[in-house]
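Only one structure is covered here, and it is reproduced in the block below.
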2 protein chains.
Amino acid sequence: MASPRSSRVDRKVAEAASIFAALGDETRLRIVTRLCRSGPQSIVRLTEGSRVTRQAVTKHLHALSEAGLVRGERVGRETVWELEPRRLAEVRRYLDIISAQWDEAIGRLRTFVESPPSKPS
Amino acid sequence: MASPRSSRVDRKVAEAASIFAALGDETRLRIVTRLCRSGPQSIVRLTEGSRVTRQAVTKHLHALSEAGLVRGERVGRETVWELEPRRLAEVRRYLDIISAQWDEAIGRLRTFVESPPSKPS
DNA sequence: TTCATTAGCAACCTCCTGGTTGCCAGTTAG
DNA sequence: CTAACTGGCAACCAGGAGGTTGCTAATGAA
């Protein structure tokens, strides 16, 4: 039943890590938050109010895009970037799962402490 | 009503970003996952099966600790590290909130497209 | 006491990341 | 056509992150 040397799980972890890494930069998370709040926007609009250069914003958008968190479409002379909510959902599910596992583990630990495995002393 | 130059929100974002960043490394996420699955463990046990050195694991544990995701307690000659589930919960809530905002934004966009603001042509 | 285990600390190295500036190309408006 | 706007690309730089090795200190078992 157990996979021989992991692999499916490994890839899952790696992918989740890449998504978290994408969200793990303040500028980037701010961009994502903004896209969530105000919907699809062009680069200049995303740059307005940001403390970094347009180039920096562009770089971050590409990083987010590589993580699958965001998708850009060229319309006219501007590129409109919008969120890819499925990736966000994936990562939410990941957190839910490991949280549940933690609760389970804590439960096991508690019953273990309450009834140690045949060790009278 | 709106805060003068953000700040509360800024700090929120920064904190969330730091947590995501902590989770955004494969080795680190693997450690967290492992702590979730198997409960509190010492460093050597965490290192077993890992592809990196004990020192690396230690470093990552400290990184996770600084993000508030994990807490270590010295017991006897070993240090037992365990998860801090509240931080995980925080970040889950963050994702839930921005996801909800996205849904809202998309809703607004849709009604906007369906009834443009007085532009007949 | 003596030895094995567990962990902490420090130095070191390489590579990636976030950011900037500068320049060029496509697109739209006058 | 020309000017203004929007965006892509490349070079460059400083700093930090991940990892390793080597050594030392505390603790526990024999």
Side-chain angles (χ1 to χ4, degrees), chain A residues 10 13-14 16-35 38-82 119 121, chain B residues 10 13-14 16-35 38-82 119 121:
Chain A
D10 274 19
V13 175
S18 80
I19 302 181
F20 283 129
L23 295 173
D25 177 85
E26 194 175 333
T27 308
R28 228 142 46 207
L29 186 55
R30 193 162 273 126
I31 290 176
V32 170
T33 304
R34 189 159 174 169
L35 284 179
S38 315
Q41 297 173 46
S42 76
I43 296 182
V44 278
R45 272 194 59 202
L46 282 171
T47 306
E48 284 166 17
S50 164
R51 60 203 69 180
V52 296
T53 318
R54 174 180 62 82
Q55 324 288 350
V57 172
T58 301
K59 272 196 185 181
H60 284 305
L61 283 170
H62 284 127
L64 289 168
S65 162
E66 253 179 63
L69 275 167
V70 114
R71 189 164 46 88
E73 192 184 356
R74 188 97 195 218
V75 37
R77 71 176 157 184
E78 46 187 34
T79 306
V80 175
W81 292 85
E82 78 172 300
K119 185 164 169 258
S121 164
Chain B
D10 273 20
V13 175
S18 80
I19 302 181
F20 282 129
L23 295 173
D25 177 83
E26 194 175 333
T27 308
R28 229 142 45 208
L29 186 56
R30 194 162 273 125
I31 290 176
V32 169
T33 305
R34 190 160 175 168
L35 284 179
S38 314
Q41 297 174 46
S42 76
I43 296 182
V44 277
R45 272 194 60 202
L46 281 169
T47 306
E48 285 166 18
S50 165
R51 60 202 68 179
V52 296
T53 318
R54 175 181 60 82
Q55 324 288 350
V57 172
T58 302
K59 272 197 185 179
H60 284 305
L61 283 170
H62 284 125
L64 289 168
S65 161
E66 252 179 65
L69 275 168
V70 113
R71 187 164 47 89
E73 190 186 356
R74 188 98 194 217
V75 37
R77 70 176 157 184
E78 44 187 35
T79 306
V80 175
W81 292 84
E82 77 173 302
K119 185 165 170 257
S121 167

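Lettering follows sequence order; numbering is per chain, from 1. What's counted below: heavy atoms across the whole structure, side chains too, no hydrogens, waters or symmetry copies.
- One atom, CD of B:Glu48, and another, C1' of C:dT5, lie 12 Å apart when rounded to the nearest Å.
- A:Ser50 places a side-chain N or O within 3.5 Å of a backbone atom of A:Val52 that can act as its donor or acceptor partner.
- Put simply, CG on B:Leu61 is 16 Å from C1' on C:dC9, counting in whole angstrom units.
- One atom, NE2 of B:His62, and another, P of C:dA7, lie 11 Å apart when rounded to the nearest Å.
- Going from atom CH2 of B:Trp81 over to atom P of C:dA7 covers 10 Å, rounded to whole Å.
- Contact check on B:Asp10 versus A:Arg30 returns a salt bridge, with a Lys/Arg side-chain nitrogen under 4.0 Å from an Asp/Glu carboxylate oxygen.
- With rounding to the nearest 0.5 Å, the separation of NZ in B:Lys59 from NE2 in B:His62 is 11.5 Å.
- Rounded to an integer number of Å, the gap from CG of A:Leu46 to P of D:dG8 is 12 Å.
- The CG atom of B:Leu46 lies 6.0 Å from the CG atom of B:Leu61; values are rounded to the nearest 0.5 Å.
- Between A:Gln55 atom CD and D:dC13 atom P the separation is 18 Å, expressed in whole Å.
- Residues B:Gln41 and B:Leu35 come closest through the heavy atom pair N-CD2, 4.1 Å.
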Sub-3.5 Å pairs of nitrogen or oxygen atoms, protein against nucleotides 14-18 of chain D:
residue: D:dG18; atom: OP1; partner: B:Arg28; partner atom: NH1; Å: 2.9
residue: D:dG18; atom: OP1; partner: B:Arg28; partner atom: NH2; Å: 2.9
residue: D:dG18; atom: OP2; partner: B:Arg28; partner atom: NH1; Å: 2.9

Check nucleotides 4-7 of chain D for protein N or O atoms closer than 3.5 Å to its own N or O atoms and list the pairs.
residue: D:dC5; atom: O2; partner: A:Arg77; partner atom: NH1; Å: 3.3
residue: D:dG7; atom: OP1; partner: A:Ile43; partner atom: N; Å: 3.2
residue: D:dG7; atom: OP1; partner: A:Thr79; partner atom: N; Å: 3.2
residue: D:dG7; atom: OP2; partner: A:Val44; partner atom: N; Å: 3.0
residue: D:dG7; atom: N7; partner: A:Arg54; partner atom: NH1; Å: 3.3
residue: D:dG7; atom: N7; partner: A:Arg54; partner atom: NH2; Å: 3.3

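- In this structure, the side chain of A:Arg28 does not engage the main chain of A:Leu23 through any donor-acceptor pair within 3.5 Å.
- Dashed line: the shortest gap from a side-chain N or O of B:Thr53 to OP1 or OP2 of D:dG19 is not under 4.0 Å.
- Applying the side-chain hydrogen bond (donor to acceptor under 3.5 Å, both in side chains) rule to A:Arg71 yields the partners A:Glu82, A:Glu84; only residues at least two apart in sequence or on another chain are considered.
- Separation of atoms NE2 (B:His60) and CD (B:Glu26) is listed at 10.5 Å; rounding is to 0.5 Å.
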